[in-house]
Amino acid sequence: MKMNIAVTVNGRQYEARVEPRLLLSDFLRDTLGLTGTHVGCEHGVCGACTIFLNGDSVRSCLTLAVRVAGMEIVTVEGLGSRDRLNALQTEFREKHGLQCGFCTPGMLITGMDLLKKYPLASDEEIREGLSGNLCRCTGYQNIVAAIRAAAALRDGRAT
Amino acid sequence: MKPAAFDYVVPESLEAAVQALASANGDGKVMAGGQSLMPLLNFRMARPSVVVDIMRIPGLSAIELKDDAVAIGALTRHADLEFSELIATKLPIMSAAMPHVAHLAIRNRGTIGGSLSHADPAAELPMLAVFYDAKIKAQGPNGRREIPAGEFFVSALTNCLKPEEIVFEIDFPILKEHAGWAFEEVARRFGDFALACVAVSFALRNEKIADARVAVMGVADTPRRLRKAEDALLGMTREAQHAGQFAEMVRAGVSPSDDIHVSAEYRKSLIGALAEKALTAAWARAMGEKP
């Protein structure tokens with residue numbers, strides 16, 4: 001049993017014929033070749049596969065590709081380019097918010113959604129917001145610093 | 001780490017969804033937000049022959065004031081509850097609990113009907129349903145029925161629904177008189193399933209507790225109200241030592257078990273400490289102080 005789906009990813013229309021059991025994470029990586037979305041645990045714990053679905057951050061490993069027919073997806077490839085990083089990407093670079101880069105796509109999408117929805121007035125709030133995204137190298141300090149800086153920029157405060 | 005093959009149906013009405021489940025002869029699974037079911041499918045701990053996707057059924061995601069209750073559609077997402085003004089004013093304990101429900105990306109997709117049906121003993125919404133004495137409404141082949149939350153949860157990950165029944169709405173009575181309330185939870189990592197959690201609320205008359213609610217989770221195979229602890233609060237005034245007595249009462253009312261995270265003894269100690277903290281905070285709130 002295969003089904004036809006049409007989705008918009010990073011502003012571009014894609015059509016594909018997929019099995020119902022295909023995970024959105026595998027659809028993005030294997031079917032569309034968008035390997036910026038990383039796959040870690042495949043059960044919603046590590047956060048590496050987080051993408052925007054209709055404007056909200058969601059786990060692509062906990063979503064079937066057939067369920068997003070007609071919806072709009074933004075992956076890390078859609079955030080900025082090498083020459084024009086977006087505001088949060090810029091802060092990640094400035095503050096050294098990544099080392100190996102495996103968790104970074106998920107950290108960026110989660111960070112952007114947090115910046116959209118929460119005051120992020122304290123490091124505690126930032127850390128609670130990031131609790132669903134695992135990083136094995138940075139120790140989180142610089143990721144928190146990057147989001148703190150992005151929140152200050154958002155609010156027009158000096159860092 | 002990939003789901004086994006299944007047939008996938010997307011009914012456009014509740015009736016059609018029930019029909020699809022009935023045709024699956026007990027081997028169908030309802031998928032709402034999928035945030036509990038997808039990990040089970042990925043690990044192949046669940047291998048249904050049919051997945052019935054109910055997310056496209058219209059009219060199941062409203063949050064509405066209905067007389068003395070808030071009616072919540074089964075497909076209402078956790079994030080919708082978290083950011084709802086109506087929930088914040090009418091069901092403040094739910095509002096306080098929502099940030100503890102998993103993580104933002106999960107809250108953006110997970111639904112209340114899904115969480116209740118999944119019946120995790122360490123999840124917030126099942127406990128809140130029991131705490132508020134919510135009415136869980138389900139549709140089956142022979143029509144609709146209303147199940148008191150206290151009877152809905154049978155054991156860990158097991159509810160009382162028949163295989164072809166689907167939760168479509170949950171009505172939460174508003175505790176209008178309850179000026180004092182608090183919600184306390186400890187998890188190993190913020191947003192993870194609770195090690196222990198307690199909700200307390202009460203109404204005051206002449207500065208004494210006149211009506212009380214106490215519910216816990218993470219410390220038994222289902223969330224539960226502690227009626228004896230509720231009764232013990234009646235007539236209480238605001239004195240520090242009462243919180244300690246209350247903590248003992250709560251400890252006496254639970255029988256947690258060991259697991260990979262902590263020992264039963266630790267859980268018991270923790271739930272008492274949280275109960276003491278919750279009662280103190282609830283009193284502060286009742287007196288118009290900052291909890």
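Side chains included, hydrogens not; waters and symmetry mates left out as well; all remaining heavy atoms used. Proteins come first, then strands; the chains are lettered A, B, ... in the order of their sequence lines, and each starts at number 1.
- Side-chain contact between A/Leu64 and B/Met38: present, with at least one pair of heavy atoms (C-beta onward) separated by less than 4.5 Å.
- With a 4.5 Å cut-off on non-hydrogen atoms, B/Ala4 touches chain A through its backbone but not through its side chain.
- With a 4.5 angstrom heavy-atom cutoff, A/Leu23 touches chain B only via side-chain atoms.
- Heavy atoms closer than 4.5 Å to chain B are found in the side chain of A/Leu53, but not in its backbone.
- Atom CD of B/Glu289 is surrounded by more than 12 heavy atoms from other residues, nucleotides or ligands within 6.0 Å.
- When the candidates A/Lys117, A/Glu42, A/Met1, A/Met3 are compared by the number of heavy-atom contacts under 4.5 Å with chain B, A/Glu42 comes out ahead.
- Annotation: maximal heavy-atom pairing with chain B below 4.5 Å, among A/Gly106, A/Gly132, A/Cys41, A/Ser57, occurs at A/Ser57.
- The residue among B/Met55, B/Met31, B/Glu82 with the most heavy atom pairs within less than 4.5 Å of chain A is B/Met31.
- Atom OH of B/Tyr266 is surrounded by 12 or fewer heavy atoms from other residues, nucleotides or ligands within 6.0 Å.
- Both the backbone and the side chain of B/Asp7 come within contact range of chain A, with heavy atoms under 4.5 Å apart.
- Within a 6.0 Å radius of CZ in A/Arg127, other residues, nucleotides and ligands contribute more than 12 heavy atoms.
- The distance from atom CZ of A/Arg59 to atom NE2 of B/His103, rounded to the nearest 0.5 Å, is 6.0 Å.
- Atom CZ of B/Arg189 is surrounded by more than 12 heavy atoms from other residues, nucleotides or ligands within 6.0 Å.
- The line from CZ of B/Arg188 to OG of A/Ser131 is 14.0 Å long, rounded to the nearest 0.5 Å.
- Of the listed residues (A/Thr50, A/Leu114, A/Leu22, A/Thr63), the greatest number of heavy-atom pairs within a distance under 4.5 Å of chain B belongs to A/Thr63.
- In this structure, A/Ile109 CD1 and B/Leu104 CG are separated by 12.0 Å, a value rounded to the nearest 0.5 Å.
- Shown here is B/Glu15, whose CD atom has more than 12 heavy atoms of other residues, nucleotides or ligands within 6.0 Å.
- A distance of 11.0 Å separates CG in A/Asp26 from CE in B/Met1, rounded to the nearest 0.5 Å.
- The greatest number of non-hydrogen atom pairs below 4.5 Å with chain A, out of B/Pro39, B/Ala102, B/Gly191, is found for B/Pro39.
- B/Arg109 is listed as a side-chain neighbour of A/Arg67, based on a closest heavy-atom distance under 4.5 Å.
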Apply the test side-chain contact (heavy atoms from CB on, under 4.5 Å) to residues B/Asn108 and A/Asp113: give CA-CA distance (whole Å), side-chain angles for both, the deciding distance (0.1 Å), then the verdict.
CA-CA 10 Å; B/Asn108 279 334; A/Asp113 206 17; 2.9 Å; yes
